[in-house]
Amino acid sequence: MRVSPNYGEILQQKFYNESPDEVAKKLLGKLLIRVLDNKVMGGMITEVEAYFGRDDPASRASKKGKIGDAMWRDPGHTLVYMVHGNWLLNIVTTEREAGAVLIRSIEPLIGIEYMRSLRGVKQKKLLTTGPGRLTRALQITKEEDGIPVYMSDSSIIVLDYLILDEEEIERSYRIGVTKDLPHPYRFYVKYSDYVSRKGSVK
DNA sequence: CATATGATGGACT
DNA sequence: GTCCATCATATGG
């Protein structure tokens, strides 16, 4: 693990213009920033999942509807939609193929008390570990759908921070999907406590 | 309009 | 581990 020489800089749009699994791994260790009511909150991305276009039975892009259509948006834009009563935050990847990265967990670093007030939980661990918990702590809803995360005046931004080595990244099958691919597409920071579930693929 | 379906979370045994 | 409240979509009558 090392700190990126570009620490603190906004990741450019081209960062997202790769396959979902590549972008997912690269996003681990980066900073997710949320600006709301002249306040700032966020933390380090610790857990993500990659979703592809066609040939991915778990992806909404393989089905009809506006969520699937949105996965053909420009890279680096948010994609927010509701599942099981929770808003889920994704970032759209490649311009050529449908795909997105689901942000599942972050380690709270900035504006922790503000996030706590929005979530109403005592434990820091329960603040932002889990895709639904994360969006509630950062107050992300349909209002935040389609935002470019590479623009400095956006309300959701991703900044450069850490660069992780391969061996610091654990992988497993995606959580909660009914039909998964025969390949692990969930990635998380191995030694982080801020991960919704541990466990790897054999 | 009615109902089924989740990329979930929280309460509970 | 199990159960079920949750609610935006999709789909069928």
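Chain naming here is simple, since letters A, B, ... match the order of the sequence lines and numbering starts at 1 in each.
Spacing between atom OH of Tyr81(A) and atom C1' of dT8(B) amounts to 11 Å, rounded to whole angstrom units. Here dG10(B) presents its P atom at 11 Å from CG of Leu127(A), a figure rounded to the nearest Å. As a whole-Å value, the separation of Lys125(A) NZ from dG10(B) P is 13 Å. Following rounding to the nearest Å, Trp87(A) (CH2) and dT9(C) (C1') show an atom-to-atom distance of 10 Å. As a whole-Å value, the separation of His84(A) NE2 from dC7(C) C1' is 10 Å. Between the CG atom of Leu89(A) and the C1' atom of dT8(B) there is a distance of 15 Å, given to the nearest Å. Atoms CG (Leu102(A)) and P (dG6(B)) sit 16 Å apart, rounded to a whole Å. For the pair Met82(A) CE and dA5(C) P, the interatomic distance rounds to 17 Å; values are reported in whole Å.
Ring-centre distance between Tyr185(A) and Tyr51(A): not below the 6.0 Å cut-off. Residues Phe15(A) and Tyr150(A) place their aromatic rings such that the two centres sit no closer than 6.0 Å.
dT6(C) is unpaired under the Watson-Crick or G-U wobble criterion, no partner having all donor-acceptor distances under 3.5 Å. Nucleotide dA7(B) has no partner under the Watson-Crick or G-U criteria, as no pair reaches both atom distances under 3.5 Å. Base-pair partner of dG13(C): not found among the strands shown (Watson-Crick or G-U wobble, both distances under 3.5 Å).
For the pair Lys63(A) and dA7(B), the criterion of a side-chain N or O lying under 4.0 Å from OP1 or OP2 is not met. OP1 or OP2 of dG10(B) has at least one side-chain nitrogen or oxygen of Arg119(A) nearer than 4.0 Å. Of the side-chain N and O atoms in Arg60(A), none sit less than 4.0 angstrom from OP1 or OP2 of dG6(B).
Backbone-only engagement by Thr178(A) is indicated by non-hydrogen atom pairs under 4.0 Å involving sugar-phosphate atoms exclusively. At a threshold of 4.0 angstrom between heavy atoms, the contacts of Arg136(A) are confined to the sugar-phosphate backbone, with no base atom among them.
Checked by atom type and distance alone, the side chain of Glu47(A) never pairs as donor or acceptor with a backbone atom of Val189(A) at under 3.5 Å. Within the 3.5 Å criterion, the main-chain N or O of Val201(A) finds no donor-acceptor partner in the side chain of Arg171(A).
Mapped onto DNA chain B by nearest heavy atom, Leu126(A) and Gly176(A) fall at different nucleotides, with Gly176(A) at the one closer to the 5' end.
Side chains of Arg133(A) and Thr128(A): no donor on one and acceptor on the other come within 3.5 Å.
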